[in-house]
Amino acid sequence: MYRKGEVKYEALALPDRVQMPDDAALAAAEAFRDYMKKRHSVRQYSSRPVPEAVVTACIEAACTAPSGANHQPWHFVAISNPEMKARIRAAAEDEEREFYAGGAGDEWLAALEPIGTGVEKPHLTDAPWLVVVFAQRYGLTEEGARYKNYYVPESVGIATGMLITALHQAGLVCLEHTPNPMKFLPELCDRPAHEKAVMILPVGYPAEDATVPAVAKRKKPRAQVLSVFR
């Protein structure tokens, strides 16, 4: 992205202004809040195809996220290839078997019980797309020189959240899938050694008989998640 010594500070007049009157701002915020309440993490996917252009537009929206020093330390791999999806599912299920066979502590497994998760991950092959999110431990200039990335987990987390929001805006559903340690993914996705896979998002339309865990509808009340000092 950068050449050494190429980028210097330059002030740019705010190119886009989207501000609105207070009453319109409140209406927009409340409408967006109510729409986001309709977002659900889904494990059952329809066979209905999703155009590639829709997925890539959502990823491009995610890539507008703020990041430490604007280094944008992320890479997204979108996969519709059935053989690749099958390999990812097989490898992920291998890791999940170890997790459920004792790799996770009793407390963690108890916390997952109301969610209804298990070893089998059919969503990884049923969903028309998988989006693998990679975090770049460090960056490389166009000449191949290494430079430090800053606030990588925070930056990638923000971008991933924006991707999930963009997918919902497009009428799609996804599932935040984090097998650990996912060491098989960089090679499978032809990514360099300095990139670490942090999440797999199956993406598609929900199946007609899709369900969500009842516990997922239990959200903390405002008083538990918000403090205001006037």
Side-chain angles (χ1 to χ4, degrees), residues 9-46 48-76 78 115 123 127-135 150-178 198-208 210-230:
Y9 177 75
E10 177 184 359
L12 179 68
L14 181 64
D16 301 295
R17 293 182 181 271
V18 297
Q19 288 66 48
M20 58 189 76
D22 290 349
D23 55 348
L26 178 59
E30 291 179 337
F32 184 72
R33 174 201 64 197
D34 294 344
Y35 182 70
M36 290 306 298
K37 286 182 177 181
K38 299 177 180 179
R39 189 210 63 79
H40 303 291
S41 298
V42 173
R43 289 178 171 80
Q44 297 89 20
Y45 288 82
S46 166
R48 175 183 170 186
V50 177
E52 180 178 333
V54 176
V55 176
T56 56
C58 291
I59 293 173
E60 288 172 342
C63 290
T64 67
S67 61
N70 193 38
H71 282 190
Q72 304 156 54
W74 49 65
H75 188 91
F76 299 89
I115 306 297
H123 47 269
W129 288 92
L130 299 181
V131 177
V132 185
V133 183
F134 286 89
Y150 303 92
Y151 299 106
V152 174
E154 295 86 349
S155 301
V156 176
I158 294 169
T160 302
M162 289 182 62
L163 173 57
I164 293 169
T165 303
L167 293 169
H168 180 56
Q169 180 68 19
L172 300 171
V173 295
C174 65
L175 179 70
E176 302 72 37
H177 183 78
T178 54
V198 296
M199 189 170 294
I200 304 171
L201 294 176
V203 173
Y205 294 103
E208 290 295 327
T211 63
V212 297
V215 71
K217 294 297 293 179
R218 299 181 189 173
K219 303 300 182 184
K220 292 181 178 180
R222 180 190 299 182
Q224 291 185 16
V225 300
L226 172 66
S227 299
V228 178
F229 296 89
R230 298 180 180 86

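Keep in mind the model is a prediction, meaning the values are calculated, not measured.
Side-chain atoms of Q72 come within 3.5 Å of backbone atoms of N70 as a donor-acceptor pair (strictly under, hydrogens ignored). Judged purely by atom type and a 3.5 angstrom limit, S67 has no side-chain atom pairing as donor or acceptor with the backbone of S155. Checking side-chain atoms of W129 against main-chain N and O of V55 turns up no donor-acceptor pair under 3.5 Å.
In this structure, the side chains of F76 and V133 come closer than 4.5 Å at one or more pairs of heavy atoms. Side-chain contact check for T160 versus W74: every heavy-atom pair is 4.5 Å or farther apart. Residues L167 and V173 form no side-chain contact, since every pair of their non-hydrogen atoms from C-beta on lies 4.5 Å or further apart.
Rounding to the nearest 0.5 angstrom, the gap separating the CE atom in M20 from the CG atom in L26 is 11.0 Å.
What you find for M162 and T64 is that their closest heavy atoms are CE-OG1, 3.4 Å. Across all their heavy atoms, S46 and P206 have their closest contact at CB-O, 3.6 Å. The minimum heavy-atom distance linking L175 with R43 is given by the pair CD2-CG, 3.6 Å. Listed here is the closest heavy atom pair of P202 and L130: CA-CD2, 3.7 Å.
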Without placing hydrogens or testing angles, list every side-chain donor-acceptor pair under 3.5 Å for residues 29-39, not counting sequence neighbours.
| from | atom 1 | to | atom 2 | distance (Å) |
| --- | --- | --- | --- | --- |
| Y35 | OH | H168 | O | 2.6 |
| R39 | NH1 | S41 | OG | 3.3 |

Evaluation steps, side-chain contact (heavy atoms from CB on, under 4.5 Å), between F134 and V198 | CA-CA 6 Å; F134 286 89; V198 296; over 6 Å; no

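Ring geometry, H123 versus H177: the interplanar angle exceeds 60°, so the pair is classed perpendicular (tilted spans 30 to 60°).
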